[in-house]
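As the structure is a computational prediction, the values presented were derived from the model and not from experiment. Within every chain, numbering begins at 1; the chains are lettered A, B, ... in the order of the sequence lines, protein sequences first and strands thereafter. Atom set for the values below is all heavy atoms of this structure, side chains included, hydrogens, waters and symmetry mates excluded.
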2 protein chains.
Amino acid sequence: MSDTLAKKDRAAETRTRILDAAASLFRDKGYAAVSLRGIADAADMKAGSVYYHFKSKEEIVLEVLNLGIERVHKTVKAVFDTGKGNQENAALITDAICAHLETLLEHTDYTSANVRIHGQVPEAIRSEALVVRRRYEALWDDILAHGKAAGDIRQDVDLKMFRLMLIGSLNATLEWFDPEKGSARDISRAYAAILLNGLMDK
Amino acid sequence: MSDTLAKKDRAAETRTRILDAAASLFRDKGYAAVSLRGIADAADMKAGSVYYHFKSKEEIVLEVLNLGIERVHKTVKAVFDTGKGNQENAALITDAICAHLETLLEHTDYTSANVRIHGQVPEAIRSEALVVRRRYEALWDDILAHGKAAGDIRQDVDLKMFRLMLIGSLNATLEWFDPEKGSARDISRAYAAILLNGLMDK
DNA sequence: CATTAATTCTAACTAACGTTAGACAACAAA
DNA sequence: TTTGTTGTCTAACGTTAGTTAGAATTAATG
């Protein structure tokens with residue numbers, strides 16, 4: 001019974017093991033620097049066996065990229081859907097920023113792999129991955145439009161540009177983040193405060 | 001006369017041609033994806049000849065990285081040195097942001113190569129490049145400290161974190177910048193305004 | 001137990017990599 | 001013209017890359 005289930009899932013589990021290994025390696029070393037033999041090693045198998053589950057390295061990286069975006073997307077969307085009816089916009093946007101940043105820094109290699117290697121993969125892959133990425137950007141456009149409609153946002157801010165800066169600055173934390181020197185939560189709070197209120201006094 | 005000079009400089013010119021080619025390729029494709037044959041091609045020579053000027057690929061990338069940082073450093077430092085006596089801090093910081101961003105987006109492949117591949121090079125190289133990078137970060141710490149001393153900066157902002165966010169968000173523009181859709185100058189202005197004043201009204 | 005299906009492994013292929021040694025060319029000095 | 005220096009080229013080296021075909025293994029079905 002659970003045997004049959006386990007059997008059915010065995011291939012899927014191996015697939016996941018390969019993807020996990022790939023995500024972690026891509027995140028650490030970049031796309032080109034990771035070999036299929038390296039991925040296979042980390043997934044406890046031989047290079048040739050990987051091709052039973054994926055037909056190329058590019059297929060693996062595409063799935064890693066998409067899973068990465070989908071995970072942040074889900075988290076941030078949940079925050080927005082929950083809060084948009086009953087939270088102030090400042091609090092709502094702050095929570096959404098925290099959701100993005102904490103997922104990026106703590107919860108999964110997929111998200112950080114996405115950020116780090118998106119610009120390194122072959123163009124055909126990148127443009128496929130862009131489709132999923134655009135959906136996530138659109139979510140942020142919704143969040144910001146929601147705030148603007150309520151009149152809580154400065155009129156002179158270009159929201160497209162703000163969204164680019166927001167996501168860019170959050171993703172850039174990967175380059176220096178060290179959990180020993182400050183929790184993801186603290187960093188999220190500080191980032192949100194600066195993005196919402198700025199640096200200068202008055 | 002100018003013959004003798006040209007002769008003396010010939011090796012240096014070739015070196016520069018190699019570095020230019022390498023910077024441009026690294027910027028576009030990442031570190032591992034660029035081959036010495038590719039660099040040689042772009043510099044109009046054969047792969048073996050490159051080794052007359054550099055002893056390894058790592059030596060090339062280290063020089064590209066360092067030249068990249070040094071160029072932004074020089075530009076931003078000039079702005080700071082000129083303005084710190086007679087400019088308001090908001091204007092001074094705005095100008096420094098513009099200097100960084102315009103150098104990054106328009107003036108040289110070296111700077112953008114640095115941003116894109118710093119996380120991809122072998123650790124030995126990265127830690128050498130970090131020395132130069134730290135000097136640039138220290139310049140920004142000076143700029144911000146100068147603003148804080150004048151009382152123009154909000155007391156509750158962690159300046160170390162702000163500096164990380166500032167540089168990170170500026171560098172991230174590389175991922176989407178397209179000169180056809182907006183000049184580097186316009187983007188710089190918009191970024192500075194958001195960083196200094198924030199998103200929210202009041 | 002025999003058979004079939006689902007995985008994994010072995011072993012190889014071609015192509016490309018960074019690097020090197022030594023022949024060759026270009027040019028200045030003599 | 002000969003010589004010496006500087007720079008480039010050719011050709012190869014050993015290694016590793018992504019990928020493939022087919023044998024070997026494992027587990028489920030009859």
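Taking 4.0 angstrom as the limit, A:His53 places a side-chain polar atom (N or O) nearer than this to OP1 or OP2 of C:dT8. Distances shorter than 4.0 Å separate some side-chain N or O of A:Thr14 from OP1 or OP2 on C:dT8.
Of the residues in residues 42-52 of chain B, those with a non-hydrogen atom less than 4.0 angstrom from any atom of DNA chain C are B:Gly48, B:Tyr51. Only B:Ser56, B:Lys57, listed by number, bring a heavy atom of residues 55-63 of chain B to less than 4.0 angstrom from any atom of DNA chain C.
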Show each protein N/O and nucleotides 22-25 of chain C N/O combination with a separation under 3.5 Å, one pair to a line.
none

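One can place CZ of B:Phe54 at 15 Å from P of C:dG18, the figure rounded to the nearest angstrom. Here C:dT7 presents its C1' atom at 15 Å from CZ of A:Arg15, a figure rounded to the nearest Å. Atom P of nucleotide C:dA15 and atom CZ of B:Arg37 are separated by 14 Å, given to the nearest angstrom. Note: CG (B:Leu36) to P (D:dG14) measures 20 Å, nearest angstrom. At whole-Å resolution of the value, NZ in A:Lys29 and C1' in D:dT16 are 13 Å apart. The CD1-P distance, from A:Ile18 to C:dT7, rounds to 12 Å in whole Å.
At a threshold of 4.5 Å between non-hydrogen side-chain atoms, the residues A:Leu104 and A:Leu101 count as touching. You'll find the side chain of B:Ile93 reaches within 4.5 Å of the side chain of B:Ile143, heavy atoms only. Within the 4.5 Å cutoff, side-chain heavy atoms of B:Asp141 are placed close to those of B:Lys160. Proximity of B:Arg37 to B:Lys46: side-chain heavy atoms (C-beta onward) are nowhere separated by under 4.5 Å. With contacts defined as side-chain heavy-atom distances shorter than 4.5 Å, the pair A:Leu199/B:Leu159 qualifies.
Using modelled atom types, one finds a donor on one side chain and an acceptor on the other under 3.5 Å when comparing B:Asn114 with B:Arg133. Side-chain N/O atoms of A:Arg27 and A:Ser112 include a donor and acceptor closer than 3.5 Å.
A salt bridge links B:Arg15 with B:Glu63: the distance from a Lys NZ or Arg NE/NH1/NH2 to an Asp or Glu carboxylate oxygen falls below 4.0 Å.
Aromatic rings of A:His100 and A:Tyr136 (six-membered ring for Trp) have centroids within the 6.0 Å cut-off, being under it.
In this structure, the nucleotide among D:dT19, D:dA17, C:dG18 sitting nearest to the side chain of A:Ser35 is D:dA17.
To the nearest 0.5 angstrom, A:Gln120 atom CD is 9.5 Å from A:Phe26 atom CZ.
Using cut-offs of 30° and 60° for the angle between ring planes, the B:His146 and B:Phe80 rings count as perpendicular.
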